[in-house]
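Okay, so here's the structure we're looking at.
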Amino acid sequence: MLTMSGNEDDWLALKPQEPSPSQCCGSGCKPCIYDVYEKELAQWERAKAKQDKSLLLEKKEQSNNSELNPDTFTAFNISSVEQLTEDTYQYKFELPGNSSLQLSLGQHIVLRGVVNGLEVQRAYTPISPGNAEGYFEVLMKHGELLMLASGTGLAPMLPILQSITDDEEDETFVTLVGCFRTFDKIYLKPLLQDLARYWNIRIFYVLSQETSLEKLPWSYQENTYTGRLNEDLMKTIINSCRRKPFVLICGSSAFNEDMSRYLKAAGIEENSCFVF
């Protein structure tokens with residue numbers, strides 16, 4: 001057996017992250033994402049106690065059979081994705097051979113995947129016939145918002161963010177870009193960090209008077225840019241969105257005008273923007 005030692009920081013980086021409230025569908029699933037977390041946390045604690053990272057390499061409990069098991073997750077391939085409306089998609093999953101899910105009427109399944117680095121678990125009722133052979137289909141609805149805030153322009157964005165995270169049924173993806181002069185000028189850091197833990201929330205910072213990221217806390221370095229939010233950076237952020245977002249803008253008059261111009265250059269129409 002390969003035994004590897006590591007310092008405390010290394011082990012903390014490997015520690016499973018406790019799920020945020022929005023990651024649980026609240027439907028009494030078995031296993032619940034919190035059950036999965038407790039299992040992985042126990043595995044991490046055993047590995048840390050023995051200073052043996054190889055114990056973390058054990059695969060998550062998962063089956064490759066078509067028969068569903070309430071105690072395990074089963075891996076299926078996505079064979080196609082069809083966009084039905086602006087924010088609704090039909091996902092088709094492959095089943096081995098001519099097998100079928102054989103679910104009862106109205107029975108739901110739980111899908112698990114990784115979004116923005118977080119493991120997400122949601123309950124869905126398949127729309128395909130219960131006896132469909134070789135496949136099953138589900139509908140997923142995803143809206144997307146891009147919030148551009150400068151300084152105190154962050155204020156009107158927060159109630160919208162919190163209304164999304166408070167609603168377990170709301171699967172809107174949100175990218176918030178907060179523009180501030182320096183790291184110390186960022187408002188409400190603890191609240192923003194808590195919001196960023198939700199699977200459907202991304203937060204970026206643009207600091208106009210910082211010249212280096214090295215002095216920032218490590219948890220901010222990956223999602224922070226120095227300089228100003230310009231046209232090139234705007235295109236990069238929009239290209240990282242899953243689809244063309246609806247954009248909310250709040251800042252000074254000059255900031256709002258600049259953002260509107262950059263968005264137009266990135267292909268975002270005026271009727272897809274709202275300026276506070």
Tell me, do [X] and [Y] make a side-chain contact under 4.5 Å, heavy atoms counted?
X    : Y    : value
Q162 : L191 : yes
Y205 : L216 : no
K15  : L41  : yes
T224 : F204 : no
V247 : F274 : no
L158 : L192 : yes
T152 : Y187 : yes
L14  : L12  : no

Which residues pass the side chain to side chain contact (heavy atoms under 4.5 Å, CB included) test with [X], sequence neighbours left out?
X    : result
P217 : F183, S219, Y220
Q209 : R181, T182
I160 : L145, M147, I164, L248, F276
S163 : none

Are the side chain of [X] and the backbone N or O of [Y] linked by a donor-acceptor pair below 3.5 Å?
X    : Y    : result
N77  : E94  : no
K244 : G267 : yes
W11  : K53  : no
N98  : G134 : no
D52  : S54  : yes
S272 : I268 : no

If you draw a 6.0 Å radius around NZ in K189, do more than 12 non-hydrogen atoms from other residues or ligands fall strictly inside?
-> yes
Not counting sequence neighbours, which residues clear side-chain hydrogen bond (donor to acceptor under 3.5 Å, both in side chains) with E137? List them please.
-> Q90
Mind checking side-chain hydrogen bond (donor to acceptor under 3.5 Å, both in side chains) for D258 and listing every partner two or more places apart, or none if nothing turns up?
-> R261
Ignoring hydrogens and angles, write down the donor-acceptor pairs under 3.5 Å from the side chains of residues 170-177, residues two or more places apart or on other chains.
unit_1	atom_1	unit_2	atom_2	d
D170	OD1	T172	N	2.9
D170	OD1	T172	OG1	2.6
E171	OE1	Y124	OH	3.4
E171	OE2	R122	NE	3.4
E171	OE2	Y124	OH	3.2
T175	OG1	R202	NE	3.1
T175	OG1	R202	NH2	2.8

Can you give me the closest heavy-atom contact between [X] and [Y], atom names plus distance?
X    : Y    : answer
P16  : Y37  : O-CE1, 3.6 Å
V206 : G227 : CG1-O, 3.4 Å
M234 : L263 : SD-CD2, 3.7 Å
E210 : T226 : O-CB, 3.2 Å
P156 : C250 : CG-SG, 3.6 Å
F93  : V138 : CE1-CG2, 3.8 Å

Using the salt bridge (Lys or Arg N to Asp or Glu O under 4.0 Å) rule, collect all pairs that involve [range], keeping only residues at least two apart or in two chains.
range            : value
residues 267-276 : none
residues 75-84   : none
residues 144-167 : E144-R243

Gap between atom [atom2] of [Y] and atom [atom1] of [X] - 0.5 Å precision:
X    : Y    : atom1 : atom2 : value
Y91  : S79  : OH    : OG    : 12.5 Å
T88  : Q83  : OG1   : CD    : 8.5 Å
L229 : E231 : CG    : CD    : 10.5 Å
N256 : M259 : CG    : CE    : 8.5 Å
S100 : L95  : OG    : CG    : 7.5 Å
S208 : R228 : OG    : CZ    : 5.0 Å

When clusters are formed by joining ILVMFWY residues with side-chain heavy atoms under 4.5 Å apart, either directly or through shared neighbours, do [X] and [Y] land in the same one?
X    : Y    : answer
L161 : I237 : no
V81  : L84  : no
I127 : Y89  : no

According to the ring pair (Phe, Tyr, Trp, His ring centres under 6.0 Å) rule, which pairs have a member within residues 240-265, sequence neighbours left out?
-> none
Those residues at least two apart in sequence (or on a different chain) that pass ring pair (Phe, Tyr, Trp, His ring centres under 6.0 Å) with Y135 are none
